[in-house]
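To start, the structure under review is shown below, and the notes come after it.
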Amino acid sequence: MTSIATNSTSPPSSPLGDNDDDDSLPSYSSPISFNSAKNIAQRMRNDLQPQTRDRMWRFKKYPNCFKATHAISWAQNNISSDELVAINVLNRLVNFGLLTHVVDPQKRFCMGENRVLYFRIATDEMIEKRLSVSPGRTLMAGNYGSIVGVTDDMRDIDIHRKIRNLDHILQQTVKELNETHGRLELMRQEVRGLISQQITTCMMIALLYMLTLFLIVSTSSLNWITIGGITIVMIISARCGLRSVSMWSDIDSRTDMPTSIDMDIMNEDNSSREDRAVMRTVKPYEQTPITTSITSAISRSIRSATGRDKKELRRLQSIEERPRTVMREAYTLPDVDKWQHKPLFICTNSPIIPNQVPDYGVGDLPIGVPFKFSSDLFEGTCLFRIKGCKSDNIEGDRAYFDGRKRIYQSIVQGRFKEEISVADVCTGHEFARPLKNLPHPFILKTATSFISKIALGCNIEVHTEQPFMEATLLGTSQVVRGDEPGNEPNITCNDIEEDCSIFGGAFSNGNVSSSRRKRIFSNPAKCKQYTFDTDTVYTFEFYQNLFDVESYSLDLGFVKLGAINVLNGQPIQWLGKTRDGRYLWSFQLWHRKLLQTNSS
């Protein structure tokens with residue numbers, strides 16, 4: 001790399017001056033020409049010389065470069081302490097061609113950038129190639145260490161600052177609303193506790209008076225005044241108890257109290273808001289039989305006294321916080337006679353991710369042959385293999401399943417479009433309607449509690465309006481690996497080796513087994529230490545030998561349990577999504593029998 005000569009004996013010229021030989025500082029309104037930008041680059045080259053060296057990234061050597069954080073720190077110390085202004089100047093150098101990323105010339109400096117990016121100062125040969133290109137808009141220079149833009153740049157800076165201020169005000173407002181909602185919810189719980197105590201007290205008084213009437217009055221001679229007084233007290237106690245029940249029902253039936261759901265729909269459109277309002281409608285107390293209200297109020301008062309009501313409240317809140325599930329329905333599918341892999345039909349969940357698979361649209365997806373897909377968060381290739389069904393690669397599927405117990409395989413390989421925490425990416429199944437013919441809730445609750453204790457990141461709710469079963473993606477996949485672009489394995493091969501060394505930490509040595517990886521990534525606390533980056537090509541393989549997709553039944557070895565009557569006309573899925581409801585991919589596996597359930 002050649003350098004631009006400077007006179008070390010003379011005072012250092014300002015990197016903002018227009019004349020290379022003029023060591024005086026320019027005035028506030030002096031524009032910065034291409035030569036001025038070269039001075040800035042020269043000063044930056046000299047000051048960052050200790051940080052400029054050959055660097056390695058993913059076994060590739062990048063000569064004479066420094067980190068983006070070094071450039072930003074230098075700009076803040078020598079140009080402007082305002083990060084936005086400093087980054088704006090650095091990006092101007094990039095536009096001039098004086099500062100460039102080691103791989104992508106189009107890459108710019110960004111606010112809050114936390115990735116490791118390598119930049120280098122352009123050589124004289126690279127600068128000469130840029131001389132014929134118009135440098136674009138100029139900068140206005142002030143005293144050294146104070147660079148601001150001309151009108152367009154200043155407007156951009158002011159707009160960014162106003163946006164940041166508005167964002168800060170909005171965050172403070174949302175925080176205050178959440179705190180207010182929390183205080184209201186605590187007050188509501190305290191009022192319910194007081195009412196439950198009043199109901200319990202009235203019950204005890206009523207039982208005591210009944211005992212007095214039937215045991216004491218019948219065996220002793222009391223005058224009519226005493227009996228009348230006891231009767232009046234019983235009437236007053238019963239009226240207080242009914243009033244307590246009415247207050248309890250009034251608290252539960254009120255829909256105007258602000259909740260987290262109401263805050264979440266503030267930014268939604270009118271149609272979704274109306275749907276939520278219909279979902280949250282509760283029958284008023286006057287329309288409910290009084291016996292039902294009394295029974296429910298008494299039972300809930302006992303639960304409130306034992307603390308079980310608070311546990312149920314937390315469980316319901318966690319379910320309500322989930323975004324509403326949307327699925328492609330059976331009426332949108334083509335006729336069964338047109339299915340290429342009848343009785344199966346694998347398709348994209350188009351309402352979730354429109355145009356997810358451009359090559360196939362909303363029609364049949366291939367079996368045994370990889371296909372490309374894309375979403376807002378992920379882009380890659382997917383492969384399905386199903387034993388015993390029609391395939392587009394019969395020989396390949398036969399070679400894969402030969403000698404193995406597994407009867408189903410799905411693989412996704414690709415790159416993330418934004419950095420996401422491993423703890424926030426999950427997979428599983430979700431349904432838009434309740435399931436049918438399920439065992440008693442007590443049996444399922446016992447089973448799901450046992451599963452949740454084994455797999456800490458697993459979350460299962462089946463006795464709800466929108467059932468779901470989800471767990472971390474890296475805690476359930478049979479094989480996971482990360483590779484540099486170009487070194488990823490071919491997903492059509494029969495065996496893919498585990499390699500999670502890309503995550504570092506406990507996986508740095510590269511010999512972590514898949515079982516240990518599942519234990520680590522099944523723990524939400526440990527998952528937060530790892531992140532999916534945007535440079536690595538990830539491969540996720542899932543296979544199993546229990547659910548027979550070709551017959552849509554659960555094969556337990558000694559008996560097959562059909563799933564058609566349970567799923568309520570809804571298909572199983574192969575999906576990847578984030579905890580906040582954004583989807584990486586979503587595919588549906590339909591069976592002809594599901595359409596018969598829908599039609600019935």
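This chain uses plain numbering: 1 for the first residue, then up along the sequence.
The distance between the ring centers of Phe587 and Trp574 does not fall below 6.0 angstrom.
A donor-acceptor distance shorter than 3.5 angstrom exists from the side chain of Asn91 to the backbone of Ile87, with no hydrogens or angles considered. Remark: the backbone N or O of Val362 is paired with a side-chain donor or acceptor of Arg328 at under 3.5 angstrom. Looking at Asn545, its side chain never comes within 3.5 Å of a backbone N or O of Lys405 through a donor-acceptor pair. Counting only distance, with no hydrogens or angles, the side chain of Ser81 and the backbone of Asn77 share no donor-acceptor pair below 3.5 Å. Distance alone, capped at 3.5 Å, is enough to place a donor-acceptor pair between the Arg55 side chain and the Cys65 backbone. Judged by distance alone, with hydrogens and angles left aside, the side-chain atoms of Asn393 form a donor-acceptor pair with the main-chain N or O of Gly396 at under 3.5 Å.
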Test log, rule side chain to side chain contact (heavy atoms under 4.5 Å, CB included), inputs Leu344 and His591: CA-CA 5 Å; Leu344 295 180; His591 195 281; 3.6 Å; yes
Verify ring pair (Phe, Tyr, Trp, His ring centres under 6.0 Å) between Phe507 and Phe521, making sure each step is shown before the conclusion. CA-CA 11 Å; Phe507 304 91; Phe521 287 125; 5.1 Å; yes
Please step through side chain to side chain contact (heavy atoms under 4.5 Å, CB included) for the pair Lys387 and Glu550, ending with a clear verdict. CA-CA 8 Å; Lys387 187 176 183 179; Glu550 200 274 334; over 6 Å; no
Next on the checklist: Let's go through Ile496 and Arg481 carefully: what are the C-alpha distance in whole Å and the side-chain angles of both, what is the deciding distance for side chain to side chain contact (heavy atoms under 4.5 Å, CB included) to 0.1 Å, and is it a yes or a no?
Outcome noted: CA-CA 9 Å; Ile496 298 179; Arg481 64 178 295 121; 3.7 Å; yes
**OP:** Kindly indicate, with the supporting measurements, whether the criterion side chain to side chain contact (heavy atoms under 4.5 Å, CB included) is fulfilled by Ile352 and Val326.
**Re:** CA-CA 7 Å; Ile352 294 295; Val326 179; 4.0 Å; yes
Trace of the ring pair (Phe, Tyr, Trp, His ring centres under 6.0 Å) decision for Phe378 with Trp585
CA-CA 7 Å; Phe378 194 90; Trp585 63 83; 5.4 Å; yes
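Residues Gln570 and Phe431 share a closest heavy-atom pair of OE1-CB, 3.4 Å. Looking at every heavy atom in both residues, Leu589 comes nearest to Ile346 through CG-CG1, 4.1 Å. Leu575 and Gly428 make their closest contact through CG-O, 3.7 Å (heavy atoms, listed as atom of the first residue, atom of the second, distance). In terms of heavy atoms, Ser391 sits closest to Ile367 at OG-O, 3.1 Å. Scanning both residues, Ser508 and Ser501, for their nearest heavy atoms gives O-CB, 4.3 Å. The two atoms that bring Arg406 and Tyr400 nearest to each other are NH1-OH, 2.8 Å, heavy atoms only.
Taking 4.5 Å as the limit, some side-chain heavy atom of Trp74 sits within range of a side-chain heavy atom of Ile79. With a 4.5 Å cut-off on side-chain heavy atoms, Phe532 and Val422 count as touching. Using a 4.5 Å heavy-atom cutoff, the side chains of Gln588 and Met327 are in contact. Under the 4.5 Å side-chain criterion, counting only non-hydrogen atoms from C-beta, Leu595 is in contact with Trp590. Contact check for Phe345 versus Pro334: side-chain heavy atoms found under the 4.5 Å cut-off. Side-chain contact between Val537 and Asn487 is absent, with no heavy atoms from C-beta onward closer than 4.5 Å. Taking the side chain as every heavy atom from C-beta outward, Leu584 and Thr578 approach each other to under 4.5 Å. Taking the side chain as every heavy atom from C-beta outward, Arg582 and Asp376 never approach each other to under 4.5 Å.
Applying the ring pair (Phe, Tyr, Trp, His ring centres under 6.0 Å) rule to pairs touching residues 103-123 yields His101-Phe119, Phe109-Phe119, sequence neighbours excluded. Among pairs with a residue in residues 488-498, those fulfilling side-chain hydrogen bond (donor to acceptor under 3.5 Å, both in side chains) read Arg404-Asp495, Asn490-Thr492, Glu498-Arg517, at least two apart in sequence or across chains. Pairs of residues two or more places apart, or lying in two chains, that qualify as side-chain hydrogen bond (donor to acceptor under 3.5 Å, both in side chains) and include a residue from residues 365-375 are Ser374-Lys417.
For the side chain to side chain contact (heavy atoms under 4.5 Å, CB included) with Leu99, the lone residue among Arg92, Met44, Arg108, Arg45 that qualifies is Met44.
In this view, Asp424 and Ile420, Ser421, Arg579 satisfy the side chain to side chain contact (heavy atoms under 4.5 Å, CB included) rule, not counting sequence neighbours. With sequence neighbours left out, the side-chain hydrogen bond (donor to acceptor under 3.5 Å, both in side chains) criterion links Ser515 to Ser513. Residues passing the side-chain hydrogen bond (donor to acceptor under 3.5 Å, both in side chains) test with Gln49: none are found, sequence neighbours excluded.
We find the CZ-OG1 distance between Arg120 and Thr100 to be 7.5 Å, quoted to the nearest 0.5 Å. Rounding to the nearest 0.5 Å gives a distance of 10.5 Å between OG of Ser350 and CD of Glu329. The OG1 atom of Thr464 lies 7.5 Å from the CG atom of Leu435; values are rounded to the nearest 0.5 Å. The structure places CG of Leu594 at 5.0 Å from OH of Tyr552, a figure rounded to the nearest 0.5 Å. Tyr543 OH to Ile407 CD1: the interatomic distance, rounded to the nearest 0.5 Å, is 14.0 Å. Taking OG from Ser586 and CD from Gln573, the interatomic distance works out to 6.5 Å, rounded to the nearest 0.5 Å.
Look at Glu430 and Lys577 and you find a salt bridge, because one of the NZ, NE, NH1 or NH2 atoms lies within 4.0 Å of a carboxylate O, short of that distance.
Looking at Gln413 and Tyr538, their side chains never bring a donor and an acceptor atom within 3.5 Å of each other. For the residue pair Ser553 / Ser551, a side-chain donor-acceptor distance below 3.5 Å is found, with atom types taken as modelled. For the 3.5 Å distance criterion, the side chains of Ser80 and Asp82 fail to qualify, holding no donor opposite an acceptor.
Within a 6.0 Å radius of CG in Asn355, other residues, nucleotides and ligands contribute more than 12 heavy atoms. Within 6.0 Å of CD on Glu465 lie no more than 12 heavy atoms contributed by other residues, nucleotides or ligands.
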